[in-house]
Amino acid sequence: MTESPEERAAVEQLLAESDALRGWLARLDAAPVAAPDAVRDRVRRDYQNRLDQITAGLRAHGDVIGAKLRDDRREHADLLARATAARESLAEAELRHAVGEYDRERYESERTRHTSDIETYDLGLAAAAERIARLDEVFALVEGTPRSPAVDA
């Protein structure tokens, strides 16, 4: 099934709401407000009920979440391959400079280019890994399956 941009937007909205509710639940007991336990429990139930409703909404979009997760994993693998190639190209330039094939100017040009590429790929890898971890957690929740190992950036 091909998901529409509207479906992806709906999933992103549900994910944002889920993230907010999870954060509020995590901070609820540490909140410095002197509220009675009954009030804290009422707020906790409210947050949990809302989170349960959002989780049900996410279940309805399990195929969209799965597709986004697959896309992000493919992007991560592609960026990892590109980063590895850039690191190898940098190492090659260092070696060619060390043996005298590349003069200082050529080496610096190669080093600057490959270092910039590596930084760009590393930023993309970190972003993709973060999205994968988040979607993996949500997908496991909506599908009722155990989480797979996290992707290292």
Side-chain angles (χ1 to χ4, degrees), residues 1-32 44 47-153:
M1 175 178 186
T2 302
E3 68 277 355
S4 70
E6 293 82 15
E7 287 177 304
R8 285 223 179 185
V11 168
E12 286 301 323
Q13 178 63 35
L14 289 170
L15 290 172
E17 291 174 25
S18 175
D19 288 347
L21 285 164
R22 288 177 193 284
W24 297 341
L25 279 167
R27 293 186 304 270
L28 185 61
D29 289 329
R44 182 178 293 106
Y47 289 164
Q48 189 60 56
N49 287 337
R50 288 162 60 188
L51 183 59
D52 291 345
Q53 289 173 347
I54 289 169
T55 302
L58 287 168
R59 279 190 183 99
H61 295 286
D63 55 336
V64 175
I65 296 168
K68 177 73 173 125
L69 186 55
R70 284 187 300 278
D71 290 348
D72 286 346
R73 285 183 174 147
R74 273 193 297 273
E75 178 186 349
H76 188 275
D78 179 59
L79 287 168
L80 186 58
R82 290 173 184 241
T84 299
R87 283 183 174 83
E88 289 176 359
S89 293
L90 176 59
E92 181 180 336
E94 289 170 347
L95 182 59
R96 290 179 185 277
H97 176 65
V99 300
E101 178 185 352
Y102 288 179
D103 63 13
R104 184 85 179 144
E105 183 179 334
R106 169 98 188 258
Y107 167 69
E108 285 301 324
S109 173
E110 294 285 319
R111 187 186 65 75
T112 299
R113 181 170 57 98
H114 296 307
T115 300
S116 175
D117 289 347
I118 291 167
E119 289 172 3
T120 300
Y121 296 140
D122 284 349
L123 288 172
L125 282 165
E130 186 176 312
R131 288 191 316 268
I132 289 167
R134 178 176 170 230
L135 285 172
D136 196 27
E137 183 177 307
V138 171
F139 191 71
L141 178 69
V142 300
E143 293 295 313
T145 56
R147 289 184 63 194
S148 64
V151 175
D152 293 328

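Throughout, numbering of the chain's residues begins at 1 and tracks the sequence. Worth knowing before you read on, the calculation uses all heavy atoms, side chains too, and leaves out hydrogens, waters and symmetry mates.
Within 6.0 Å of the CD atom in E108, the count of heavy atoms belonging to other residues, nucleotides or ligands exceeds 12.
The closest donor-acceptor contact from the side chain of H76 to the backbone of A129 lies at 3.5 Å or more, if one exists at all. Judged by distance alone, the side chain of S116 and the main-chain N or O of T112 form no donor-acceptor pair under 3.5 Å.
Atom-to-atom distance recorded for I132:CD1 and D71:CG is 10.5 Å, nearest 0.5 angstrom. Annotation: the span from L15 atom CG to I65 atom CD1 amounts to 6.0 Å, rounded to 0.5 Å. One distance of note links CG of L25 with CG of L51; it measures 6.5 Å at 0.5 Å rounding.
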I'd like to know whether R131 forms a side chain to side chain contact (heavy atoms under 4.5 Å, CB included) with E75, so could you lay out the CA-CA distance, the side-chain angles of the two residues, the decisive distance to 0.1 Å, and finally the verdict. CA-CA 11 Å; R131 288 191 316 268; E75 178 186 349; 2.7 Å; yes

Please evaluate residues L58 and E17 with respect to the criterion side chain to side chain contact (heavy atoms under 4.5 Å, CB included), reporting the C-alpha separation (whole Å), side-chain torsions for both, the decisive distance (0.1 Å), and the verdict. CA-CA 11 Å; L58 287 168; E17 291 174 25; over 6 Å; no

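When only modelled atom types and interatomic distance are considered, S18 and R22 share a side-chain donor-acceptor pair under 3.5 Å. Side-chain atoms of N49 and Q53 include no donor-acceptor pair closer than 3.5 Å.
Across K68, R70, R74, a single residue satisfies side chain to side chain donor-acceptor pair (under 3.5 Å) together with D72, and that is K68.
At least one side-chain heavy atom of R87 sits less than 4.5 Å from a side-chain heavy atom of D122. When side chains are defined from C-beta on, R50 counts as touching W24, because their heavy atoms get closer than 4.5 Å.
The pair R96-E110 fails the salt-bridge criterion, with no side-chain N (NZ, NE, NH1 or NH2) lying under 4.0 Å from an Asp/Glu carboxylate O. Comment: D103 does not engage R106 in a salt bridge, judged by the lack of any side-chain N to carboxylate O separation of less than 4.0 angstrom. Salt-bridge annotation for R82 and D78: present, with a side-chain N of the basic residue lying under 4.0 Å from a carboxylate O of the acidic one.
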